[in-house]
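Written below as structure tokens is the structure these notes are about.
Proteins get letters first, then strands, A, B, ... in listed order; numbering begins at 1 in each. Predicted model only: the values in this text are computed from it and were never measured.
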Amino acid sequence: MLEIKFVRQNFQKVVDALSKRGDSAKLNEFIKYDENRRNILLEVENLKNKRNVVSGRIAEMKKKGENTEDLILEMREVSKTIKSLDADLSESEGVVNDLLMSIPNIPHPSVPEGKNERDNELVKKEGVIPDFDFEAKAHWDIGEDLKILDFERAAKITGARFPLYFGAGARLERALINFMLDIHTTEHGYKEVLPPFIVNRQSMIHTGQLPKFEEDLFKLEGWDYFLIPTAEVPVTNIHQGEILDESDLPVYFTAYTPCFRSEAGSYGKDTRGLIRQHQFNKVELVKLVTPESSYDELEKLLANAEEILKRLGLAYQVVTLCAGDLGFSSAKTYDIEVWMPAQNTYREISSCSNFESFQARRTSIRFRKKGVKGSELVHTLNGSGLAVGRTLAAILENYQQADGCVIIPEALRPYMGGMEKIES
RNA sequence: GGAGAGGUGGCCGAGCCGGCUGAAGGCGCUCGCCUGCUAAGCGAGUGUGUGGGGAAACUUGCACCGAGGGUUCGAAUCCCUCCCUCUCCGCCA
């Protein structure tokens, strides 16, 4: 959410920024309703002031035993008026707030212009793309041949887009989770968190999934609760409504959670394999930082996520999302895309974003500076470190051998009881 | 699920027979004074949101004492609904 004052005072700037995103929100309504809201506010506040003053006087008069009958009668009317104006006000506020909630974040100046993913800007390529002297198999074929992945049976249990791992596959997934968490906690300074996987509506609003994207979420029937689409939601909400001390910052959290996404609107896409599932595992990185440091912190966050791929020996590239491809709450996002041999292309495996104060304002997370009056909103960031299912898919495809087995990357072997390869 | 207790400012904690209480007191923090270090001491300040005035320091209106309704001229204080926390009992991974 942007600050209402900011929108009012920088109206054209906001409109321009939104058009950069290709978002043509009906902002002209905003001005109209906001003005209306403020007019009512002025009127109602004057009346409330009168009520407060007169009520005080009534108290004094009563103490002296004077007659207050007339004043009370008069105030009775005033209160009635206030009540009806308050109703109008909350209606206007509702409209203004809905509009405000549906305005996405303003892209950072360094974000390239563009409409969609094709306009994303390549930052760098790392690692060596494997050169096979046989035809690379897709990870779903590898997984099924090795009997470590079983999509058909998963579909019987639940339906399409759910994973079922067996044996070394299940263990590899678990190994990856532990490997990632260990590196982030022991080497990158993150505190491990194991949060709820179900959150309430408010938390979803705070991080920006709601009110706009409810159709992407799984909702619990009979509850106003949702399955988390990412650990970002519970973890960013840990300090909601709190005022932190500057010395508490930066806060670094890492969390493993499963993630649940309805994937509405992506029916034909990535129907096979682990790439696009309704349920997948992810190790997430979340930061709360000072505004001055947030872009440095974004670079560090990106490096922390990259480190995992480096240690796993997977080739990848980093792109800066263009304005049109930017997520709703984000001011700037880097995507890390891992090389997938069978598809002969890079696929997103991590998304690292700086939300600046956008989420902090909704979530009300602020901090106090030493020697400075008042408080300030923190900046929030998060990134995948990494998407586990996609990492496993990348390992299967990049480490496959001609005979159908898959070599386990060196870094993971301690987590696999020393196992060096997966074979049927 | 049954029976109780409670949710107040950065924290602890009064107020809760309705009205000079945005909220005592303490702690913490900031600034100043004092003190040859540290500690102690003294004085002042110290919530958030939103609107107005001011270049600014600041000043001023309104709202906020878990959330939402209600009663009242007036509610942190009374009533209703909901949420959450704690204790005991029951049940249970």
### Query
So what does T68(A) hit on the nucleic acid, given a heavy-atom distance under 4.0 Å: a base, only sugar-phosphate, or nothing?
nothing

#### Entry: Integer angstrom distance from the P of U46(B) to that of A55(B)
24 Å

### Rounded C1' spacing from U50(B) to C33(B) in Å
38 Å

### Query
What's the NZ-P distance between K83(A) and U72(B), to the nearest Å?
8 Å

#### Entry: Listed nucleotide nearest any side-chain atom of R38(A), set U48(B), G52(B), G61(B)
G52(B)

### Task
Could you check which nucleotide pairs with A93(B) in any of the strands shown, counting Watson-Crick or G-U wobble with both distances under 3.5 Å?
none

### Query
Taking a pair as Watson-Crick or G-U wobble with both distances under 3.5 Å, which nucleotide is matched to U85(B)?
A5(B)

### Near-ring test F328(A)/F358(A), centroid separation under 6.0 angstrom
yes

### For A24(B), the Watson-Crick or wobble partner whose two distances fall under 3.5 Å
none

### Query
Looking at N52(A), does any N or O in its side chain come under 4.0 Å of the phosphate oxygens OP1/OP2 on C62(B)?
yes

### Message
Just to be sure I understand the rule, does D245(A) reach a base, reach only the sugar-phosphate, or reach nothing, if contact means heavy atoms closer than 4.0 Å?
### Response
nothing

### Message
Taking the nucleotide of RNA chain B with the nearest heavy atom to each, does R76(A) or Y225(A) sit closer to the 5' end?
### Response
R76(A)

### Message
Could you tell me if K191(A) sits above the aromatic ring of F253(A), with its cationic atom closer than 6.0 Å to the ring centre and no more than 45 degrees from the axis?
### Response
no

### Task
Mind listing the closest non-hydrogen atom pair of V111(A) and C322(A) along with its distance?
CG1-C, 3.9 Å

## Note on the structure
Separation of G49(B) atom C1' from R8(A) atom CZ, nearest Å, is 13 Å

### Query
To the nearest angstrom, how far is E3(A) atom CD from U48(B) atom P?
14 Å

### Protein-nucleotide distance (E93(A), atom CD; G68(B), atom P), rounded to Å
12 Å

### Query
Say you pick atom C1' in G41(B) and the same atom in U35(B); how far apart are they, in whole Å?
9 Å

### Message
Distance check needed: G61(B) P versus E45(A) CD, whole Å only.
### Response
11 Å

### Task
Scan K5(A) against the nucleic acid and name what it touches under 4.0 Å (heavy atoms): base, sugar-phosphate only, or nothing.
sugar-phosphate

### Query
S375(A) side chain N/O closer than 4.0 Å to the phosphate oxygens (OP1, OP2) of G47(B)?
no

### Task
With heavy atoms under 4.0 Å as the rule, sort I58(A) into base, sugar-phosphate or nothing.
base

### Query
Out of G10(B), C73(B), G51(B), which nucleotide sits closest to the side chain of L42(A)?
G51(B)

### Task
Sort out the partner of A57(B) for me: Watson-Crick or G-U wobble, both distances under 3.5 Å, none otherwise.
none

### Query
Between S79(A) and V44(A), who's closer to the 5' end of RNA chain B by nearest nucleotide?
V44(A)

#### Entry: Whole-Å P distance, C12(B) and G74(B)
33 Å

### Message
Could you tell me how far C78(B) sits from U59(B) if I compare only their P atoms? Round to whole Å.
### Response
34 Å

### Query
Between atom CG in L41(A) and atom C1' in A63(B), what is the gap in whole Å?
9 Å

#### Entry: Nucleotide paired to G18(B) in any strand shown, Watson-Crick or G-U, under 3.5 Å
none

### Query
To the side chain of E60(A), which of C73(B), U50(B), C20(B) is closest?
C20(B)

### Query
Can you tell me if the side-chain N/O atoms of R366(A) get under 4.0 Å from OP1 or OP2 in G49(B)?
yes

### Task
Using a strict cut-off of less than 4.0 Å between a Lys/Arg side-chain nitrogen and an Asp/Glu carboxylate oxygen, indicate whether E307(A) and K300(A) qualify as a salt bridge.
no

### Summary
Checking G47(B), U50(B), C73(B) against the side chain of M75(A) (C-beta onward), the nearest is C73(B)

### Query
When the C1' atoms of A40(B) and G18(B) are considered, how many whole Å apart are they?
44 Å

### Query
Considering Watson-Crick and G-U wobble pairs with both distances under 3.5 Å, what does G32(B) pair with?
C42(B)

### Query
Using atom C1' of each nucleotide, how far apart are U21(B) and C64(B) to the nearest Å?
14 Å

#### Entry: N or O in side chain of N49(A) less than 4.0 angstrom from C62(B) OP1/OP2
yes

#### Entry: Side chain of K63(A) - closest among G49(B), G47(B), C20(B)
C20(B)

### Task
Compare the minimum distances between each of G19(B), C20(B), A63(B) and the side chain of A59(A), then state the nucleotide with the smallest one.
G19(B)

### Task
Give the rounded distance in Å between these two atoms: CG of L71(A) and C1' of U72(B).
15 Å

### Query
Parallel under 30°, tilted from 30 to 60°, perpendicular over 60°: which one fits the rings of Y190(A) and H188(A)?
perpendicular

### Span that lies between the C1' atom of A67(B) and that of A76(B), in whole angstrom
14 Å

### Query
What's the closest nucleotide to the K62(A) side chain, out of A63(B), G19(B), G51(B)?
G19(B)

#### Entry: Ion pair E187(A)/R311(A), N-O distance below 4.0 Å
yes

### Shortest non-hydrogen separation from E376(A) to P291(A) and the atoms involved
OE2-CG, 3.5 Å

### Task
Let me know the distance between CG of L89(A) and C1' of G61(B), rounded to the nearest Å.
15 Å

### Query
So, are K48(A) and E45(A) salt-bridged, with charged N and O less than 4.0 Å apart?
no

